[in-house]
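Here the structure is laid out as structure tokens; the discussion comes afterwards.
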Protein chains: 2
Amino acid sequence: MIMNGLQNISEIKKCPVQYVLAINDTLNVISGKWKLPILASILYGNYRYKDIQTNIDKITPRMLSKELKELELNGVITRNVYDSTPVRIEYKMTESGKNILTVLDVMVDWGVSHRKSTLKHSD
Amino acid sequence: MIMNGLQNISEIKKCPVQYVLAINDTLNVISGKWKLPILASILYGNYRYKDIQTNIDKITPRMLSKELKELELNGVITRNVYDSTPVRIEYKMTESGKNILTVLDVMVDWGVSHRKSTLKHSD
DNA sequence: TATATTGATATACTTTTGTATAGTAAAAAT
DNA sequence: ATTTTTACTATACAAAAGTATATCAATATA
């Protein structure tokens, strides 16, 4: 028996390295304690450092700086320095960053239906 | 100016607590170093502890046990004890677990298009 | 009877991630 | 002139996540 238990290998076999890299890219952008709150805050209209900090509340400046840098490095947000007086610095979503919402949408869908299917009313 | 910079608040305002919980559930299932490799391995047809361990190779038994327990607790896989001699133990995806593929699909999509848009040929 | 295999657990350690708290420079407001 | 605001950085520490290595009980195989 050469197929040892597998009914239809064609559906799961095709998973090139690029897909794994792509998934890891996506995970890097959204995992960690503060990434989603920060992205949500910016999407909500809080563009300035202080605004985001005030909006999220429990975040320390160290974490906020660290995460903003990483998000910028990953091409999800931009850091714009406006040379008005005083200097204004605004963080905004890139086009690609905005598209992460499509990922969050299906994550909500799966999460909700999974909660229903397991009927866990705890936590 | 009462809308302070926001063009269309209706699109982003609606984000109930349940959505946040749902996203966190989903993240818990797929984040961490070994979750996806383990799920992929089981989906690929490796149901037994040893099979998964051999398939993933660099994983330690401690991590494999820990993650399998967590995945079971989260309702993504089941642990089935078959009382043949010797005892066989098989880990399999739940129906809900199989559906996580829809999430991975859009994560691949976003990751690929994001890579294109930022043109990072490094790492 | 001795060795190998399966499905793990135990203990100690390192690395990564996040927290707590203080401080800073430049400009604005009082 | 002093205080406040903005946008951070620095240092030390705690907690979570992951690694390394050894061990184990039950059965199977040589």
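By convention in this document, chain letters (A, B, ...) are assigned in the order of the sequence lines, proteins followed by strands, and residues within each chain are numbered from 1.
Atom CG of A/N24 sits about 7.0 Å away from atom CG of B/L36, to the nearest 0.5 Å. Atom CG of B/L71 and atom CZ of B/R79 lie 13.5 Å apart (nearest 0.5 Å). Rounding to the nearest 0.5 Å gives a distance of 10.5 Å between CG of A/N28 and CG of A/L21. Distance check: B/T78 OG1 to B/E95 CD gives 10.0 Å after rounding to the nearest 0.5 Å. Separating the CG atom in A/L104 from the CD1 atom in B/I23 is a distance of 4.5 Å, to the nearest 0.5 Å. Atom-to-atom distance recorded for A/D51:CG and A/Q53:CD is 10.0 Å, nearest 0.5 angstrom.
For the pair B/K35 NZ and D/dA17 C1', the computed distance is 10 Å after rounding to whole Å. Atom P of nucleotide C/dT6 and atom OH of B/Y82 are separated by 18 Å, given to the nearest angstrom. In this structure, A/L64 atom CG and D/dT6 atom C1' are separated by 12 Å, rounded to whole Å. Atoms CZ (B/R48) and C1' (C/dT5) sit 10 Å apart, rounded to a whole Å. Taking atom CE on B/M63 and atom P on C/dC13, their separation rounds to 17 Å, with Å as the unit. Atom pair B/N80:CG and C/dG7:C1' shows a separation of 15 Å (rounding to whole Å applied). The nearest whole Å value for the distance from the CZ atom in A/R88 to the P atom in D/dT6 is 10 Å. Atom pair B/N46:CG and C/dT6:P shows a separation of 13 Å (rounding to whole Å applied).
Judged by distance alone, with hydrogens and angles left aside, the side-chain atoms of B/S31 form no donor-acceptor pair with the main-chain N or O of A/S31 at under 3.5 Å. Although no hydrogens or angles enter the test, the distance criterion places a donor-acceptor pair under 3.5 Å between the side chain of A/W110 and the main chain of B/S96.
Recorded end-axis angle for the helix from C/dT1-D/dA30 to C/dT30-D/dA1 stands at 10°, based on five pairs per end and rounded to 10 degrees.
Contact annotation: B/K33 side-chain N/O to D/dT19 OP1/OP2 distance is under 4.0 Å. Regarding contacts with the backbone of C/dT6, every side-chain N or O of B/Y91 stays at 4.0 angstrom or more from both OP1 and OP2. Within the 4.0 Å cut-off from OP1 or OP2 of C/dT9, at least one side-chain nitrogen or oxygen of B/S65 is found.
Of the residues near DNA chain C, A/W34 and B/K66, the one whose nearest nucleotide (by heavy atom distance) lies more toward the 5' end is B/K66.
Residue B/Y91 comes nearest to B/I42 through the heavy atom pair O-CG2, 3.6 Å, listed as atom of the first residue, atom of the second, then distance.
Which of C/dT6, C/dA8, D/dT11 sits closest to the side chain of A/R62 comes down to D/dT11. If you check D/dA7, C/dA28, C/dA8 against the side chain of A/P86, the one that comes closest is C/dA28.
Within the nucleic acid shown, A/K69 comes within 4.0 Å of sugar-phosphate atoms alone, with no base atom in reach, counting heavy atoms only.
Here A/E90 pairs with A/R88 in a salt bridge; the nearest charged N to carboxylate O distance falls below 4.0 Å.
The stretch residues 50-61 of chain A touches DNA chain D through A/K50, A/P61, each having a heavy atom under 4.0 angstrom from the strand.
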